[in-house]
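To keep things clear, I will list the structure first and then write my remarks on it.
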Number of protein chains: 2
Amino acid sequence: MATPDPDRPGFLLPLLLLAGFRTLIDDLHAELARQGHPDLRPLHGFVLQAVGNGTTASELGQRLGVSKQAAGKTVDRLVALGYLERADDPADARRKLVRPTDRGLDGLRRSAVVFDQLRDRWAATLGPDRVAAIEDDLRRMVPADVFRLDVPGWFGT
Amino acid sequence: MATPDPDRPGFLLPLLLLAGFRTLIDDLHAELARQGHPDLRPLHGFVLQAVGNGTTASELGQRLGVSKQAAGKTVDRLVALGYLERADDPADARRKLVRPTDRGLDGLRRSAVVFDQLRDRWAATLGPDRVAAIEDDLRRMVPADVFRLDVPGWFGT
DNA sequence: GTACGATGGTCAACGTGGTTGACGAAATAG
DNA sequence: CTATTTCGTCAACCACGTTGACCATCGTAC
């Protein structure tokens with residue numbers, strides 16, 4: 001059975017939250033692919049956001065809630081794709097700074113624009129107040145330390 | 001930066017939807033672990049739901065939107081964990097029926113109960129009407145073919 | 001100034017959840 | 001009876017995560 005059992009109303013909520021998320025993410029990446037970023041994966045947007053203007057792999061791992069090794073591997077892939085670059089830290093020979101490239105910044109800016117458009121589309125259907133109400137409600141239900149990115153288990157399985 | 005840029009309001013919605021989903025799933029599995037199912041992973045609930053009273057690996061793959069090979073591997077793991085069992089189809093020697101074991105049914109029932117309790121908890125905080133409103137709104141925004149389970153990309157990365 | 005603990009990056013091995021391609025066995029269509 | 005389709009499986013691979021180990025470097029304490 002594909003759709004959840006109506007006798008189990010609790011199944012509906014997580015399913016719809018996931019479906020809503022996936023809808024937005026799928027729309028985003030379809031649009032990003034059209035705009036010259038076909039190899040940007042759902043994970044990458046979060047990583048680029050977390051990199052910001054520059055960090056290290058360890059700090060990135062903390063922000064994303066994963067090990068520094070996992071963060072390092074993800075950085076490797078994004079470097080290979082041309083979205084990030086590494087540079088030595090002149091002040092500390094152990095640290096390697098991770099920075100977005102121009103392409104990385106372009107992807108990030110386009111993501112922001114597309115997400116804004118998608119939110120507008122939701123507002124056009126549901127009304128701006130209901131979208132804001134969903135955001136308010138969810139913000140009340142998710143623990144503050146889950147809403148921040150620096151907590152384990154944000155993505156992936 | 002961990003929290004999204006407030007100048008980019010669009011980032012908020014997907015982040016909160018994911019956070020809401022993860023909060024429910026994390027709470028569910030913390031409770032399931034307490035109730036004797038510590039090795040049930042987030043994915044497994046969907047799979048058990050999709051198996052229902054019995055299917056084959058191929059059909060399961062279609063329902064879950066993944067390849068039959070991926071479905072087969074997941075069934076392997078759930079068989080090893082004691083949640084599913086395979087049996088030959090007397091009517092078709094190619095097919096192998098996949099059925100939940102008693103333990104699988106127990107996990108499924110407990111998941112349903114816990115999800116219902118979690119939804120009640122949300123209703124106690126937000127009010128039953130707002131929870132229902134979130135469900136209604138999300139149902140309007142997700143394409144029907146995404147809400148059904150038999151579409152690619154439901155879980156995982 | 002040197003010894004030492006904490007930190008940053010990397011390597012290796014592994015687990016899980018996916019993919020595609022190939023292939024044999026069994027059912028079905030002509 | 002033969003051709004095609006379907007089911008299950010094997011193999012190779014990829015993305016993303018884990019632990020454990022290790023070395024280089026930094027900061028501190030003596």
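Just so you know, these numbers come straight off a predicted model, no measurement behind them. Each chain gets a letter, A, B and so on, in the order its sequence line appears, and its residues count up from 1.
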ask   = Between C/dG17 atom C1' and B/D39 atom CG, what is the distance in whole Å?
value = 17 Å

task = Starting from P on C/dG17, measure out to CD on B/Q69 and report it in whole angstrom.
result = 17 Å

note = Quick note, A/T74 side chain, CB onward, closest among D/dC13, C/dA26, D/dG17 is D/dG17

ask   = What's the closest nucleotide to the A/K73 side chain, out of C/dC14, D/dG8, D/dT9?
value = C/dC14

query = Think B/R41 has a side-chain N or O under 4.0 angstrom from the OP1 or OP2 of D/dG17?
reply = no

Position toward the 5' end of DNA chain C (nearest nucleotide), A/L97 or B/A91 = A/L97

ask   = Among C/dA27, D/dC16, D/dC26, which nucleotide sits nearest the side chain of A/R94?
value = D/dC26

List the atom pairs, donor and acceptor, that lie under 3.5 Å between side-chain atoms in residues 68-82 of chain B and the rest of the protein, sequence neighbours left out.
{"residue": "B/T74", "atom": "OG1", "partner": "B/A70", "partner atom": "O", "Å": "3.2"}
{"residue": "B/D76", "atom": "OD1", "partner": "B/R86", "partner atom": "NH2", "Å": "2.1"}

message = Does C/dT10 have its OP1 or OP2 closer than 4.0 Å to a side-chain nitrogen or oxygen of A/K96?
response = yes

Whole-Å distance separating the CZ atom of A/F46 from the P atom of D/dA15 = 19 Å

For atom CG of A/L60 and atom P of C/dT10, their distance in whole Å = 13 Å

ask   = Between B/D106 and B/H37, does any side-chain donor sit less than 3.5 Å from a side-chain acceptor?
value = yes

Touch class at under 4.0 angstrom, heavy-atom based, for A/S67 against every strand present = base

query = Is a donor on one side and an acceptor on the other found under 3.5 Å between the side chain of B/R95 and the backbone of B/T56?
reply = no

query = Rounded to the Å, how far apart are A/R77 CZ and D/dG17 P?
reply = 7 Å

key: Separation of D/dT6 P from B/K68 NZ (nearest whole Å)   = 10 Å

ask   = Which part of the nucleic acid does A/A70 contact within heavy-atom distance under 4.0 Å: base, sugar-phosphate only, or nothing?
value = base

Neighbour count >12 (heavy atoms, 6.0 Å) for atom CG, B/D129 = yes

ask   = Could you state the interatomic distance from CG (B/L118) to CZ (A/F11), rounded to the nearest 0.5 Å?
value = 11.5 Å

ask   = OP1 or OP2 of C/dA25 less than 4.0 angstrom from a side-chain nitrogen or oxygen of B/R95, does that happen here?
value = no

request  = Calculate the interatomic distance between B/H44 atom NE2 and C/dG17 atom C1'; express it in whole Å.
outcome  = 9 Å

inquiry  = Rounded to whole Å, how long is the line connecting atom CG of B/D92 with atom P of D/dG8?
reply    = 8 Å

